Structure formats: structure tokens, C-alpha cells
Number of protein chains: 2
Amino acid sequence: MNSTDPHAALPLSRKVQAGNLLAADCPSREVLRHVTSRWGVLALIVLETRTHRFSELRRAIGGVSERMLAQTLQWLEGDGLVLRTALEVVPPHVEYSLTPLGREAAEKVRVLADWIEINLPRIRQAQSS
Amino acid sequence: MNSTDPHAALPLSRKVQAGNLLAADCPSREVLRHVTSRWGVLALIVLETRTHRFSELRRAIGGVSERMLAQTLQWLEGDGLVLRTALEVVPPHVEYSLTPLGREAAEKVRVLADWIEINLPRIRQAQSS
DNA sequence: CGGCATCCACAACGATACTG
DNA sequence: CAGTATCGTTGTGGATGCCG
């Protein structure tokens, strides 16, 4: 959409520390929203374990609606993180897996999610104190 | 190990690997949503650098409204990740900083955000191919 | 200055029905 | 099976005004 490309003039050196993500028009924000979306996080975590079919994925992620899962997977596919493989058979058979890029992202997401699960007791204690 | 149904009797005690986060009623999900929320991610990243005042934080995060920033900070404060320190003076002076818990979370979040920023070129290339 | 209360627009979401 | 279409509901988010 908005392609004011700030990367064109970016020096080769790593200039990312607290990068332009803080700018409202930073294009990374869109990807970030997909990855950290309610179902995006969980889809990445599940797909990191192995390839899943659509309904398999849906069963694995408690509470997700068919509609939202489809939309989320389309976002992640559009970002090149998820690979959709449709077998032209009857009945349809579609498999979702992570791309190499997706595996890297999923790992970071899982680390965060694991941290929360592990530290939930500490969080709860902090809440009550 | 059949992973199609995470609700069916977890044999292992509190194994976090792909833990019960996949269950719709997992309490970790709420914290996860706060941390990965649109402004939560950015607030944590900014606060990781140093303590900020409210309006300072607002200026640092491009595009956030007063209302949403306040709400986000309340969520994170409620989760014990953010410390709110109000000085009873006129005009009011409120500082936001990370708790030790918050610093751990912020680090994981930043790693993810940095990865996205660094790899945005690869993501864009994946999109067009 | 740092909120909170209210209102309102719209996007996200879930349930259901339907299609290839 | 794997979606899309549609609908009604809930939630998110911005704008404004008020108050300590």
C-alpha cells in the first residue's frame, strides 16, 4: 500500500536498535501485527511442530473460528512465513507449513509465549501484591 | 503422541512445550494478548531503554492515542510488567518503568520485533516471488 | 500533565449457511 | 475438506470534554 520505502537508503550496517518501528508509517508494523495477532501467534507455534492440515490446525488451536484461521493464514502466507500447499484432489487436501523465514519467526514467538506460560505464576503473584 | 487434541489428558505434568496455551481457556492467553497487543509491544520496547513519562512515551510511539496508551499501560501494570510511579505534585508527574518481570518480557518482544525489522527485505522479497 | 468518561465509527470476531 | 459469504455482535480505537 504505502510504499515510502525507508530501506532504499538504509546503510548496510545494522541500524535496527529501536528502529523506525516507532514511526507510525513503518512497514514492519503490518508484519508485526500479523505475527503477534491473536491467532497468528498460536498458528506459528503449532506449525513449528509440524505441517498441519487446515482442520487439524483448527482443532489444535482452541477457540479459533474457521473464518479467523483462514484469514490469519492468508496474512502469514502473504508475508512469506507460511507455505500453503493445495493438493488437487477430491476431497480437497491443503497443507500448511512454515517457510524457512517462518521458522525463524515462529521460534522468536514461541520463546515469548513459553516465557509467559512459565512465568504465569510470577505474573499472578505480581498482580495480587 | 497425537497432537491433534491438546485437551485430551496431558500425560506430562506442566510441560510447557506447546503447553496449554492452545487451550481456549488458558489464562496465559490474556497476558499474551496484552504483551503482543498493538501498542503493548511498542511500549515494552520503548520502556526497555529507560523510564518514560506518559507524554514522553506517547511521543515516542508514533500513532498511539492517549486513550489506547493509557489502557495498554494499565494492562501491563496489572500483569506486573510495568511499574507506574505517580508523584503527587502539580502538575502531575507520572513515570513508567519496567519491573524485573517486565524487562524479561520486553527482551523477548524486542528480539521478535528486531527480527522483523531486519528481515523485512526478505519478507518483501518472499511476498513478490 | 496525566488521566478518565463518553460517544461514535469501524474493524475484528464468531456462528451459520453455503460452495467447489 | 477447505474454504467463502453473510450477518449480527463484540471489541478497538480516535475525538472530545472534564477534572485533580
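Lettering follows sequence order; numbering is per chain, from 1. All of these numbers come straight from a predicted model, not from anything done at the bench. Atoms considered below: every heavy atom in the structure, side chains included; atoms not considered: hydrogens, waters and symmetry mates.
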Who passes salt bridge (Lys or Arg N to Asp or Glu O under 4.0 Å) against [X], sequence neighbours left out?
X: E107(B); answer: none
X: R122(B); answer: E104(A)
X: E77(A); answer: none

L98(B) to A106(B) - nearest heavy-atom pair and separation: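 Heavy atoms only, the tightest pair is CD1-CB, 3.6 Å.
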
Residue pair P27(A) / L120(B): nearest heavy atoms and the distance that separates them: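 Answer, listing the atom of P27(A) first, then L120(B): CG-CD2, 3.7 Å.
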
Flag, side chain of T99(B) to backbone of L83(B), donor-acceptor distance under 3.5 Å: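 Answer holds: no.
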
Within residues 85-96 of chain B or reaching into it, pairs that qualify as side-chain hydrogen bond (donor to acceptor under 3.5 Å, both in side chains) - sequence neighbours excluded: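 The answer is R53(B)-H93(B), R84(B)-Y96(B), H93(B)-E95(B).
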
Listed once per pair and sorted, the side-chain hydrogen bond (donor to acceptor under 3.5 Å, both in side chains) pairs that draw on residues 26-37 of chain B, sequence neighbours left out: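 Non-adjacent pairs meeting side-chain hydrogen bond (donor to acceptor under 3.5 Å, both in side chains): H34(B)-D79(B).
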
Nonpolar side-chain network containing W75(A), other nodes, edges under 4.5 Å: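 None, because no other hydrophobic side chain comes under 4.5 Å of this residue.
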
Rounded distance (Å) that lies between atom C1' of dT16(C) and atom CG of L69(A):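 Answer to the nearest Å: 17 Å.
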
Whole angstrom value for the distance that separates P of dG2(C) from CG of L87(B):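 Atom-to-atom, L87(B) to dG2(C), this comes out as 10 Å.
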
Euclidean distance, I123(B) CD1 relative to I116(B) CD1, rounded to 0.5 Å: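 These two atoms lie 6.0 Å from each other.
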
Describe the nucleic acid contact of [X] in one word from base, sugar-phosphate, nothing, applying a heavy-atom distance below 4.0 Å.
X: E95(A); result: nothing
X: R84(B); result: sugar-phosphate
X: E88(A); result: nothing

Check residues 59-73 of chain B and write down every donor-acceptor pair under 3.5 Å in which the side-chain atom is one partner and the other belongs to a residue at least two apart or another chain.
from	atom 1	to	atom 2	distance (Å)
S65(B)	OG	M68(B)	N	3.2
T72(B)	OG1	M68(B)	O	2.7

Of all pairs that satisfy ring pair (Phe, Tyr, Trp, His ring centres under 6.0 Å), the ones with a partner from residues 35-60 of chain B, not counting sequence neighbours: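 For residues 35-60 of chain B: none.
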
Close N or O pairs between protein and nucleotides 13-15 of chain C (under 3.5 Å):
from	atom 1	to	atom 2	distance (Å)
dC13(C)	N4	R67(A)	NH2	3.4
dG14(C)	OP2	S65(A)	OG	3.4
dG14(C)	O6	R67(A)	NE	2.8

Between the first and last five pairs of the helix from dC1(C)-dG20(D) to dG20(C)-dC1(D), the angle of the axes, rounded to 10 degrees: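 One end's axis against the other's: 50°.
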
Nucleotide N/O of nucleotides 18-20 of chain C paired with protein N/O under 3.5 Å:
none

For chain B, the stretch of DNA chain D it reaches, first to last nucleotide, under 4.0 Å of its heavy atoms: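 It runs dT12(D) to dG20(D).
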
Sidechain N-carboxylate O distance under 4.0 Å for E48(A), R110(A):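 Judged by the 4.0 Å cut-off on N to carboxylate O distance, E48(A) and R110(A) do form a salt bridge.
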
S55(B) vs dG2(C): side-chain N/O to OP1/OP2 distance below 4.0 Å: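 S55(B) to dG2(C) OP1/OP2: side-chain N or O found under 4.0 Å.
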
